[in-house]
Protein chains: 2
Amino acid sequence: MERAEDGGCAGRARDREATRRRILASARELFTSEGYAKVSSRRIAAHAGVNVALINRYFGAKRGLLAEVIAEEAAFPGIVEGDREGLPRRLAEHVVHRTLAGGTPLARALEHSAGDPDLKSVHEERLKNAVIGPLAEVIGGPEARARASLVASVILGVGLVRRIEGAASLNELEPDRLVDHLAAVIGACLAEGAPG
Amino acid sequence: MERAEDGGCAGRARDREATRRRILASARELFTSEGYAKVSSRRIAAHAGVNVALINRYFGAKRGLLAEVIAEEAAFPGIVEGDREGLPRRLAEHVVHRTLAGGTPLARALEHSAGDPDLKSVHEERLKNAVIGPLAEVIGGPEARARASLVASVILGVGLVRRIEGAASLNELEPDRLVDHLAAVIGACLAEGAPG
DNA sequence: GGTATAAGTAAACAGTGTTGACTTGTCAAG
DNA sequence: CTTGACAAGTCAACACTGTTTACTTATACC
């Protein structure tokens, strides 16, 4: 019964892996352009040229499809790897450029579904492992996770407000000044001294 | 045909207003305890002892019901009315106490549905009129709205992270220190000087 | 008391995510 | 080359969702 383990091409017919990839690719494309809630399972299946039931067969549920899509992408590509001192500025630049350019596809997918109760566990895992965890590691020191959590709040918050408000207010500031401002805010999140 | 305008009790049968209030009360209760997405129209109607179709008759759509629910409550009760200097601390205390106590019912309803595309317009109006607007007025000066928008980002972001993560990381800090910290962060949002 | 008119109702619509029973293609053994 | 097993793929249904339409019924005025 475990004859598939030797070569990898044993009990396979009609190419399971290719079908999986096709579904995943369609989901990524549709989720990132229209958001999780607006894209139905049947539409993803149709786009992939595949039967709807295969989504649940291969990914358990629609939720699992999003989980796999967002797991594929790095949250902060090349940002946490660097000196701690420049971290606020690098993060600020990342956020502002995402904000102005309409965001990376993944970021948009996340912002679309930030509060969806059905996706709480997906976002929870992502937030802890890909955002707060790496940030806390660079930050170091006591209460690193709390500080990382604050930084994450700012980043997610700016994304959320941008998505709700269309960045109307934020665009009052020139991009460069916005980066300066945001770097200062993130810096305040990281500050160690107790003000009181 | 306008005979209802003289006394207020003319063309009314079976008490339209009472029914409206009953629906609204049920919606408020269910939305705030379980979130917008998890509560169906039929459940609200059943809870109110009313026919489902009346929700759409009186509120246009389920969306309209939430809009009316959140419109009833003040976003920052007694916080924007005060001196500008103490604003960051008052906001920080508000956010932290909401965070630790599980949030006001309304805040939870909002956090539950922050990214829902169907509710974008509802949240947009609320954010502009009840959050960014009043904040910008207290803040004053040039780019007041941009600064207010940043503050709103921090507040919404903290709520969102708390909701996703269960406040696990944020609770590493004692409440008092968290207030200090958050006040500093919000203060940085309001700072006018260009750092560069 | 009859009647217009509003309030309230029931049933259907088109859509969702998900599931279980079914068919079919493919590969290995006889 | 046929046969059988098993996985891949299909189909139709399920229990929901929000919303609309045509309908019934109770009320307040003439």
Side-chain angles (χ1 to χ4, degrees), chain A residues 1-24 26-27 30-31 34-67 113 116-122, chain B residues 1-24 26-27 30-31 34-68 113 116-119 121-122:
Chain A
M1 45 171 76
E2 280 144 3
R3 80 185 66 124
E5 292 196 353
D6 55 345
C9 59
R12 173 177 313 160
R14 288 120 127 189
D15 210 342
R16 174 192 178 96
E17 285 309 314
T19 306
R20 245 190 81 100
R21 275 196 301 272
R22 213 122 48 84
I23 295 173
L24 214 45
S26 294
L30 293 173
F31 282 165
E34 302 185 38
Y36 177 81
K38 284 199 161 182
V39 179
S40 72
S41 298
R42 282 172 175 83
R43 210 142 80 74
I44 297 170
H47 187 276
V50 142
N51 192 280
V52 207
L54 293 182
I55 288 181
N56 288 4
R57 176 188 280 288
Y58 289 144
F59 300 94
K62 192 190 173 193
R63 186 191 314 115
L65 203 41
L66 182 73
S113 62
D116 193 324
D118 188 46
L119 301 175
K120 189 177 172 282
S121 63
V122 171
Chain B
M1 47 171 74
E2 281 144 3
R3 78 186 69 125
E5 292 198 355
D6 55 344
C9 58
R12 174 176 313 159
R14 288 121 129 190
D15 211 342
R16 171 193 180 97
E17 285 308 315
T19 305
R20 245 189 82 102
R21 275 196 301 272
R22 215 125 44 85
I23 295 173
L24 214 46
S26 295
L30 293 172
F31 282 165
E34 303 186 37
Y36 177 80
K38 283 198 161 184
V39 179
S40 70
S41 299
R42 280 173 176 83
R43 210 141 81 73
I44 297 170
H47 187 277
V50 142
N51 192 281
V52 209
L54 293 182
I55 289 180
N56 289 356
R57 177 187 279 287
Y58 289 145
F59 301 93
K62 192 190 172 192
R63 188 191 313 114
L65 202 40
L66 181 73
E68 200 140 328
S113 62
D116 193 324
D118 188 46
L119 301 173
S121 63
V122 171

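Chain naming here is simple, since letters A, B, ... match the order of the sequence lines and numbering starts at 1 in each. Just so you know, these numbers come straight off a predicted model, no measurement behind them.
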Chemist: Where the side chain of A:Thr19 is defined as all heavy atoms beyond and including C-beta, which of D:dG9, D:dT10, C:dA7 is the nearest nucleotide?
Modeler: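 Within the option list, the nearest is D:dG9.
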Chemist: Distance from A:Asp15 atom CG to A:Arg22 atom CZ, nearest 0.5 Å?
Modeler: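 So the CG of A:Asp15 and the CZ of A:Arg22 are separated by 8.5 Å.
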Chemist: Does B:Lys62 count as lying over the ring of B:Phe31, i.e. NZ or CZ under 6.0 Å from the six-ring centre, within 45 degrees of the axis?
Modeler: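 No; the conditions do not both hold, so B:Lys62 does not lie above the ring face of B:Phe31.
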Chemist: Expressed as a whole number of angstroms, how long is the span from A:Lys38:NZ to C:dG15:P?
Modeler: 16 Å
Chemist: Atom CZ of B:Arg22 to atom C1' of C:dG8: distance rounded to whole Å?
Modeler: 11 Å
Chemist: Could you state the CD1-C1' distance from B:Ile23 to C:dA7, rounded to the nearest angstrom?
Modeler: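 The distance from CD1 of B:Ile23 to C1' of C:dA7 comes to 11 Å, rounded to the nearest Å.
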Chemist: Rounding to a whole Å, what distance do you find between A:Arg16:CZ and C:dT26:P?
Modeler: 17 Å
Chemist: Using heavy-atom distances to pick each residue's nearest nucleotide on DNA chain C, tell me which of B:Leu54 and A:Arg57 is more 5'.
Modeler: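 Of the two residues, B:Leu54 wins.
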Chemist: Rounded to whole angstrom units, what separation is found between the CG atom of A:Asn56 and the P atom of D:dA12?
Modeler: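 Roughly 18 Å, once rounded to whole Å.
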Chemist: Polar-atom pairs under 3.5 Å, protein N or O versus N or O of nucleotides 13-17 of chain D: list them with distances, or write none.
Modeler:
unit_1: D:dA13; atom_1: N6; unit_2: A:Arg42; atom_2: NH2; d: 3.2
unit_1: D:dT17; atom_1: OP1; unit_2: B:Ser40; atom_2: OG; d: 3.1

Chemist: Taking CD1 from A:Ile55 and P from C:dG17, how many angstroms apart are they, rounded to a whole number?
Modeler: 8 Å
Chemist: With sequence neighbours excluded, tell me which residues meet side chain to side chain contact (heavy atoms under 4.5 Å, CB included) with B:Ala67.
Modeler: B:Val122
Chemist: Taking OH from B:Tyr58 and C1' from C:dG8, how many angstroms apart are they, rounded to a whole number?
Modeler: 7 Å
Chemist: Among B:Tyr36, B:Phe59, B:Tyr58, which residue meets the side-chain contact (heavy atoms from CB on, under 4.5 Å) test with B:Leu65?
Modeler: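 The single option meeting the side-chain contact (heavy atoms from CB on, under 4.5 Å) with B:Leu65 is B:Phe59.
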Chemist: Please state how far atom CG in A:Leu66 lies from atom C1' in C:dT16, giving the value in whole angstrom units.
Modeler: 17 Å
Chemist: Mapping B:Asn51 and A:Val50 to their closest nucleotides on DNA chain D, which lands nearer the 5' end?
Modeler: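 Here A:Val50 is the residue nearer the 5' end.
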